[in-house]
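Would you mind keeping the following structure in view while I ask a few things?
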Amino acid sequence: MIQLLFFVVFAEAFVAFLLMVKIGPLRELVMNGLDQVKMRKGTVLTIAGTMSVILFSNWVSIVKIQNKGAKVGTMTPMDQVLWRTHLLEASLMGFSLYLGFLIDRMHHHLQKLINLRRNGGSSKQEVEKLEAEKLQLKENEEKAKEEIKRLQKEMSSLSESLKKLKLESKEKDKKIETAEAHVTSLQKQSADLLLEYDRLLEDNQTLQSQTKNRHF
């Protein structure tokens, strides 16, 4: 029994050491093994309960032996051997239970640490992604500003062109008005000339008729 307890204590101490110190892939193997053990929680609790009962029984035996020796005044060699055996077994069991609890807590906190690192890694990737999107948005904003400036220049040039066209249109309107006035004046002159021509034709006919009458 004592040899088995020594083996359990040394095994637990070795497991605790591997959990504390990362040596290659051994910590991952131990973590995976503890995950498998925790999946059989009922068996682990049964073993721990049995060891606790044995530990309590050993302490009761130690107290009985001590009380017996106190009543007699001294312990017999057999009682001394039993007292030391029970004390050693109780110490090893207590230390084994303590190491088991320590390993359980270390495993729990290491799992939390691994999850936090994973979440931290994903958060870091999200931050990098957000920074890349921010840079992309900044580039797009600069491009948009340049495009706005270009459009503003085009608008100003178009405004100037529109002003020029308006001025040209006004000048053309004035020329058209002048041309129309000139055409109207020419039409009046043409009408006057036609009237004068008709009058001259009438005078000519009158003169011709008068000339004929004189010859006769």
Side-chain angles (χ1 to χ4, degrees), residues 3-56 58-59 89-172:
Q3 292 178 351
L4 178 61
L5 289 173
F6 269 115
F7 175 75
V8 171
V9 168
F10 282 120
E12 288 178 338
F14 182 66
V15 170
F17 174 76
L18 291 178
L19 289 175
M20 286 187 294
V21 181
K22 187 174 182 180
I23 303 174
L26 292 178
R27 178 185 282 179
E28 285 76 11
L29 291 174
V30 172
M31 291 290 291
N32 293 331
L34 290 174
D35 289 334
Q36 296 295 325
V37 171
K38 282 191 174 183
M39 290 177 66
R40 301 176 182 178
K41 194 172 181 180
T43 304
V44 175
L45 290 175
T46 301
I47 294 171
T50 303
M51 290 182 68
S52 299
V53 170
I54 296 172
L55 175 63
F56 179 73
N58 282 331
W59 279 113
E89 287 181 355
S91 300
L92 290 173
M93 284 185 187
F95 193 55
S96 175
L97 290 172
Y98 171 74
L99 283 176
F101 176 76
L102 184 65
I103 289 169
D104 177 69
R105 291 296 86 196
M106 289 175 67
H107 176 259
H108 176 71
H109 291 299
L110 281 173
Q111 275 186 331
K112 279 189 174 181
L113 181 62
I114 291 170
N115 292 329
L116 285 173
R117 284 180 178 175
R118 286 176 182 172
N119 294 331
S122 61
S123 299
K124 187 177 180 181
Q125 290 178 354
E126 290 178 359
V127 169
E128 290 177 352
K129 186 178 178 181
L130 288 172
E131 287 180 351
E133 290 178 355
K134 184 179 178 182
L135 290 173
Q136 186 66 31
L137 287 172
K138 191 174 181 181
E139 290 178 358
N140 293 334
E141 184 180 358
E142 290 177 354
K143 289 180 180 179
K145 286 181 179 178
E146 292 177 356
E147 186 68 18
I148 289 169
K149 289 179 180 178
R150 187 182 65 81
L151 290 172
Q152 285 177 348
K153 288 180 180 179
E154 289 183 358
M155 287 178 65
S156 62
S157 63
L158 288 172
S159 298
E160 291 177 358
S161 299
L162 184 61
K163 288 179 181 178
K164 289 180 181 179
L165 289 173
K166 284 182 178 179
L167 291 172
E168 290 177 358
S169 177
K170 286 180 180 179
E171 290 177 357
K172 286 181 180 179

Next item on the list: Enter the distance from I103:CD1 to L99:CG here, rounded to the nearest 0.5 Å.
Entry: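 Interatomic distance, I103 CD1 to L99 CG, rounded to 0.5 Å: 6.0 Å.
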
Notebook entry, point to check: Distance from L97 atom CG to L102 atom CG, nearest 0.5 Å?
Noted result: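 That separation rounds to 12.5 Å.
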
Next item on the list: Measure from the side-chain N and O atoms of N32 to the backbone N and O of E28, and report whether any donor-acceptor pair falls under 3.5 Å.
Entry: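 Yes: the side chain of N32 pairs with the backbone of E28.
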
Side chains of residues 105-113: which donor-acceptor partners sit under 3.5 Å, not counting sequence neighbours?
{"residue": "H107", "atom": "ND1", "partner": "K38", "partner atom": "NZ", "Å": "3.0"}
{"residue": "H107", "atom": "NE2", "partner": "D35", "partner atom": "OD1", "Å": "2.8"}
{"residue": "Q111", "atom": "NE2", "partner": "D35", "partner atom": "OD1", "Å": "2.7"}

Note to self: How long is the straight-line distance from CE of M93 back to CD1 of I54, given to the nearest 0.5 Å?
What the structure shows: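 The CE atom of M93 is 4.5 Å from CD1 of I54, to the nearest 0.5 Å.
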
Next item on the list: Drop me the distance from E141's CD to K145's NZ, to the nearest 0.5 angstrom.
Entry: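 Going from CD on E141 over to NZ on K145, the span is 4.5 Å.
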
Notebook entry, point to check: Counting heavy atoms not belonging to M20, are there more than 12 under 6.0 Å from its CE?
Noted result: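 Atom CE in M20 is packed in, count exceeds 12.
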
Notebook entry, point to check: Pairs in or reaching into residues 153-163: which pass side chain to side chain donor-acceptor pair (under 3.5 Å), with residues at least two apart or in two chains?
Noted result: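 Only R150-E154 qualify under side chain to side chain donor-acceptor pair (under 3.5 Å).
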
Margin query: In the structure I gave you, are the side-chain heavy atoms of L151 and E147 within less than 4.5 Å of one another anywhere?
Written below: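 Side chain of L151 against side chain of E147, heavy atoms only: contact under 4.5 Å found.
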
Notebook entry, point to check: When rounded to the nearest 0.5 angstrom, what distance separates CZ in F7 from CG in L92?
Noted result: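 The distance works out to 14.0 Å.
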
Next item on the list: Quick one: which residue pairs count as a side chain to side chain donor-acceptor pair (under 3.5 Å) with a foot in residues 6-18, not counting sequence neighbours?
Entry: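 Those involving residues 6-18 are E12-S96.
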
